[in-house]
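Below you'll find the structure, written out as C-alpha cells, and then a few comments.
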Amino acid sequence: MKSLEILIREHGLIRQALDIFSFAKETLEKGKRPPREFFEIAVEFSRSFADQFHHFKEEFLMFGLLSQKKGALFDGEIGALRYQHERGRKFIGEIENSLQGYSQGDVFATTKLLENLASYISLLKLHIHTEDHIFFQMVKKEFSEDEDHVLLEQFKNEEKRIGATDCFENSRKLVAKMHALIEQ
Ligand SMILES: [Fe+2]
Ligand SMILES: [Fe+2]
C-alpha cells in the first residue's frame with residue numbers, strides 16, 4: 001500500500017530523531033548538559049513533523065477512513081494509538097516548559113526535562129513498533145487499491161492545505177542540526 005509506505009518512511013525519520021534524543025538523554029543521565037537549542041529543535045521537530053505532519057495523516061485521514069469502512073471494529077486499537085499521540089504531545093509540552101529553568105541550571109527543571117524526554121522516547125518507540133508491525137498489517141488487509149489511492153490523495157491535499165510540502169526535507173535538516181549540536 002502506497003499510503004502505508006509514506007507513513008513508514010516518516011517513521012524512519014522519527015526513529016532517527018529518537019536515536020538522537022536517546023543520546024541526549026544519556027548525556028543528561030551522566031550529569032552533562034546539552035545546549036538548550038538542542039531541545040528547542042527537538043520540540044520543533046516533534047511538533048511540526050511527528051505530530052502535525054505525520055500523526056495528522058494517521059488520526060484524521062487513515063483512522064477516519066478505517067472507521068467509516070469498518071465501524072467500531074478497530075476502535076480499541078485506534079483509541080490506544082490516539083491516546084499515545086496525546087501523551088506524546090503532553091511530554092513535549094512539559095519538555096518545552098522545563099527549558100527556561102534548564103538553561104539557568106535549575107535542578108528541578110533538569111529533572112523534569114529528563115523524565116519527560118525519557119517518557120517521550122519510550123512511548124514513541126512502542127508506538128511506532130505497534131504501528132509498523134501490528135496495526136499497519138491489519139490495515140493492509142482492509143483497504144482496496146482504490147481506497148489506498150483516495151488516502152494518498154488526501155495525504156497530498158492535506159500537505160498542501162497546511163503548507164507543508166517541504167516538511168519532510170526541512171525536518172531532515174532539523175535532525176541533522178540536532179545531530180551536529182549533540183556531537184559537539
Ligand atoms: Fe501514530
Ligand atoms: Fe505513525
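These values consider heavy atoms only, across backbone and side chains, with no hydrogens, waters or symmetry-generated copies. Computed from a predicted model, the values in this text were never measured in an experiment. Every number for a ligand or one of its atoms is a count from 1 in the order of the listing.
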Measure the CZ-NZ distance between Phe74 and Lys69 for me, rounded to the nearest 0.5 Å. 10.0 Å
Do any of the N, O or S atoms of His127 sit under 2.8 Å from the Fe ion (ligand 1)? yes
For the Fe ion (ligand 1), does an N/O/S atom of Glu59 lie at less than 2.8 Å? no
Can you name the N/O/S atom of His85 that is nearest the Fe ion (ligand 1)? NE2
May I have the step-by-step check of side chain to side chain donor-acceptor pair (under 3.5 Å) for Gln16 and Arg172, ending in yes or no? CA-CA 9 Å; Gln16 275 182 40; Arg172 261 221 311 229; over 6 Å; no
Of all the atoms in Glu58, is at least one N, O or S atom closer to the Fe ion (ligand 2) than 2.8 Å? yes
Testing His85, His54, His11, His133 one by one against His127 for a ring pair (Phe, Tyr, Trp, His ring centres under 6.0 Å), which residue passes? His85
The Fe ion (ligand 1) has as its nearest N, O or S atom from Glu131 the atom OE2
What are the two closest non-hydrogen atoms of Ser67 and Ile78, and how far apart are they? OG-CD1, 3.9 Å
In this structure, which one of Phe155, Phe49, Phe53 forms a ring pair (Phe, Tyr, Trp, His ring centres under 6.0 Å) with Phe168? Phe49
Within His54, is some N, O or S atom less than 2.8 Å away from the Fe ion (ligand 1)? no
